[in-house]
A.B. asks: 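For reference, the structure I am asking about is given below.
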Amino acid sequence: MKKASQRILVIVGPTASGKSDLAIALARKYDGEIISADSRQVYIGMDIGTGKVTKREQAQIPHHLLDITRPNQEYNVSYFLRDAKKAIQDIEKRGKLPIICGGTAFWIEALVLGTPLPPIPPDKEFRERWGLRPATELFAYLKRLDPERAKTIDRKNKVRLLRAIEIATVLGKVPPMPKPSAKNAANFTFVGLNPPVEELNKKIRDRLRKRMREGMEKEVGKLFQSGVSWKRLEEFGLEYRTLARLLQGKITPAEMIDTLPFDIIHYAKRQRSSLRRLEKKGVKIKWFESPEQALAEFSL
């Protein structure tokens, strides 16, 4: 196998763009191992709805930070930074190439830019009280507290909204990400997948139908039966939020079919915006329209 220089490869792009397939192909080419940067793939039992690679694929190429905690447990960016840095050191120690792959841009940004996180501990009482409120109300409150953070946050993600409100309440605002320095960013090489919009939207709809056939609704029901509350499932957003509402009878199958594809498409749009902001902070991303093009044209 071709050996890569001592760098860390990062694969980014919107959901359904083919990041996982590209990561596996590049891991084969450059003798690498993959570190997941996906805020939902860390959870055991959340497989179909998160697009987690199969056990067979994991056996072919080592994957890190998959299935490391249960859905009832909190796993945030602080834990990711701790575990990702440990995984990078382990992979490099064995002479392999670390490959970060995932759609949680905030986690990747924190890792690459060396972001110092605010030392604000979670407030259990606050979360129990405010966690019952709808995302729209949480977003409106955050917008009053910290208009700048409100511009960049996923306004439907209650977990991140609650955390941002916690920090803003204590500090007055959520501290901005620092600009990348040569020390922080020099060891990272970014590959980005950015299919044409209509092509990506079709992939999102096709993938959603495939996941439904594979039993995504049953997966959500099984998670509830194992002790994951409906409230917690809705906090995971997108497929889990919509299917949890469907299983509770809050929405009809027709409403799910009408709304979920558009929710995922809007999420992909927000991911693209997050990556553009990362570029504005000085991170260089080599863009390709497809995994096939990236594999053919990219080299370390």
Side-chain angles (χ1 to χ4, degrees), residues 11-20 37-41 46 48-52 77 101-109 133-143 146-165 174 192-212 216-217 219-220 231-247 250-280 285 287 289-290:
I11 300 174
V12 296
T15 187
S17 59
K19 295 186 296 294
S20 295
D38 187 296
S39 62
R40 301 188 302 176
Q41 291 188 1
M46 295 176 60
I48 300 173
T50 66
K52 196 177 295 176
V77 65
C101 177
T104 305
F106 176 62
W107 285 12
I108 292 173
E109 186 171 347
R133 304 191 183 195
T136 51
E137 185 176 341
L138 295 175
F139 177 75
Y141 184 43
L142 176 64
K143 193 173 181 180
D146 188 349
E148 290 303 312
R149 180 64 181 112
K151 291 178 182 178
T152 62
I153 202 167
D154 178 356
R155 64 177 62 196
K156 293 185 178 181
N157 190 318
K158 290 181 65 174
V159 174
R160 293 187 186 170
L161 287 165
L162 287 167
R163 181 57 180 158
I165 291 170
V174 180
L193 293 177
N194 191 26
V197 172
E198 288 305 316
E199 178 183 322
L200 181 66
N201 292 349
K202 183 179 184 303
K203 287 183 177 181
I204 287 172
R205 293 188 178 94
D206 290 345
R207 187 186 66 177
L208 179 58
R209 285 191 288 267
K210 181 174 181 288
R211 288 181 178 180
M212 291 300 294
M216 188 165 62
E217 182 178 338
E219 178 176 277
V220 175
K231 176 178 175 291
R232 178 61 170 161
L233 286 165
E234 290 190 30
E235 288 175 350
F236 288 122
L238 296 176
E239 299 92 343
Y240 292 95
R241 177 180 61 232
T242 304
L243 286 168
R245 290 176 177 174
L246 175 70
L247 292 172
K250 291 182 176 179
I251 61 173
T252 65
E255 289 173 322
M256 181 196 72
I257 293 170
D258 285 342
T259 60
L260 184 51
F262 292 102
D263 287 344
I264 300 173
I265 287 169
H266 290 153
Y267 172 64
K269 184 178 180 180
R270 292 195 299 272
Q271 287 179 306
R272 280 187 164 118
S273 298
S274 296
L275 293 171
R276 285 195 293 270
R277 285 194 296 271
L278 193 60
E279 287 185 298
K280 289 179 181 178
I285 304 175
W287 290 104
E289 288 193 356
S290 69

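As a basis for the values below, the full set of heavy atoms in this structure was taken, side chains included, without hydrogen atoms, waters or symmetry mates. What you see is a predicted model; the values in this text were computed from it and never measured. Residue indices begin at 1 and follow the sequence shown.
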A.B. asks: Should the ring pair Phe236 and Tyr240 be called parallel, tilted or perpendicular, given that the plane angle runs from 0 to 90° and is split at 30 and 60?
C.D. replies: perpendicular
A.B. asks: If you compare all heavy atoms of Leu193 against all heavy atoms of Lys19, which two are closest, and at what distance to 0.1 Å?
C.D. replies: CD1-N, 3.7 Å
A.B. asks: Could you state the interatomic distance from CG (Leu208) to CD1 (Ile265), rounded to the nearest 0.5 Å?
C.D. replies: 9.5 Å
A.B. asks: Can you check side-chain contact (heavy atoms from CB on, under 4.5 Å) on Asn201 and Glu198, steps first, answer last?
C.D. replies: CA-CA 5 Å; Asn201 292 349; Glu198 288 305 316; 4.1 Å; yes
A.B. asks: Tell me, yes or no, whether the heavy-atom count around Arg232 atom CZ, taken from other residues, nucleotides or ligands under 6.0 Å, exceeds 12.
C.D. replies: yes
A.B. asks: To the nearest 0.5 Å, what is the distance between CD on Glu279 and CD1 on Ile285?
C.D. replies: 4.0 Å
A.B. asks: Verify salt bridge (Lys or Arg N to Asp or Glu O under 4.0 Å) between Lys203 and Asp206, making sure each step is shown before the conclusion.
C.D. replies: CA-CA 5 Å; Lys203 287 183 177 181; Asp206 290 345; over 6 Å; no
A.B. asks: Taking salt bridge (charged side-chain N to carboxylate O under 4.0 Å, His left out) as the criterion, tell me which of Arg270, Lys269, Arg163 meets it with Asp154.
C.D. replies: Arg270
A.B. asks: Show the numbers, then the answer: is there a side chain to side chain donor-acceptor pair (under 3.5 Å) between Arg277 and Ser274?
C.D. replies: CA-CA 5 Å; Arg277 285 194 296 271; Ser274 296; 3.1 Å; yes
A.B. asks: Going by side chain to side chain contact (heavy atoms under 4.5 Å, CB included), name the residues that satisfy it together with Lys231, two or more places apart in sequence or in a different chain.
C.D. replies: Leu132, Ser229, Glu235
A.B. asks: Between the side chain of Glu234 and the main-chain N/O of Ala244, is any donor-acceptor distance below 3.5 Å?
C.D. replies: no
A.B. asks: First locate atom NZ of Lys156, then atom CG of Leu161, and finally report the distance between them rounded to the nearest 0.5 Å.
C.D. replies: 12.0 Å
A.B. asks: Between Glu255 and Thr252, is there a donor-acceptor pair closer than 3.5 Å when you use the side chain of the first and the backbone of the second?
C.D. replies: yes
A.B. asks: Does Glu239 reach the side chain of Arg40, with side-chain heavy atoms less than 4.5 Å apart?
C.D. replies: yes
A.B. asks: Set out, in order, the CA-CA distance, both residues' side-chain angles and the distance that settles side-chain contact (heavy atoms from CB on, under 4.5 Å) for Val12 and Glu109, then state yes or no.
C.D. replies: CA-CA 11 Å; Val12 296; Glu109 186 171 347; over 6 Å; no
A.B. asks: Which atoms form the tightest heavy-atom contact between Ala150 and Lys143, and what is the distance?
C.D. replies: CB-CA, 3.8 Å
A.B. asks: Rounded to the nearest 0.5 Å, what's the gap from CD1 on Ile108 to CD1 on Ile11? Could you check?
C.D. replies: 10.0 Å
A.B. asks: Closest approach of Arg155 and Ala135, non-hydrogen atoms and distance?
C.D. replies: O-CB, 3.6 Å
A.B. asks: Measure across Lys158 and Arg133 and return the closest heavy-atom pair with its distance rounded to 0.1 Å.
C.D. replies: NZ-O, 2.8 Å
A.B. asks: Going from CZ on Arg160 to CG on Leu142, what distance comes out if it is rounded to the nearest 0.5 angstrom?
C.D. replies: 13.0 Å
A.B. asks: Rounded to the nearest 0.5 Å, what separates atom CG in Leu260 from atom CG in Leu243?
C.D. replies: 6.5 Å
A.B. asks: Let's go through Tyr267 and Gln271 carefully: what are the C-alpha distance in whole Å and the side-chain angles of both, what is the deciding distance for side chain to side chain donor-acceptor pair (under 3.5 Å) to 0.1 Å, and is it a yes or a no?
C.D. replies: CA-CA 6 Å; Tyr267 172 64; Gln271 287 179 306; 3.3 Å; yes
A.B. asks: Shortest non-hydrogen contact from Ala268 to Leu200?
C.D. replies: CB-CD2, 4.1 Å
A.B. asks: So do the side chains of Met46 and Asp38 get within less than 4.5 Å of each other, counting heavy atoms only?
C.D. replies: no
A.B. asks: What residues form a side chain to side chain contact (heavy atoms under 4.5 Å, CB included) with Leu247, not counting sequence neighbours?
C.D. replies: Glu217, Val220, Trp230
A.B. asks: side-chain contact (heavy atoms from CB on, under 4.5 Å) for Trp287 and Leu275? Distances and angles first, verdict last.
C.D. replies: CA-CA 11 Å; Trp287 290 104; Leu275 293 171; 3.8 Å; yes
A.B. asks: Any Lys/Arg nitrogen of Glu199 or Lys202 sitting under 4.0 Å from an Asp/Glu carboxylate oxygen of the other?
C.D. replies: no
A.B. asks: So which heavy atom on Met256 is nearest to which on Pro261, and how close?
C.D. replies: O-CD, 3.9 Å
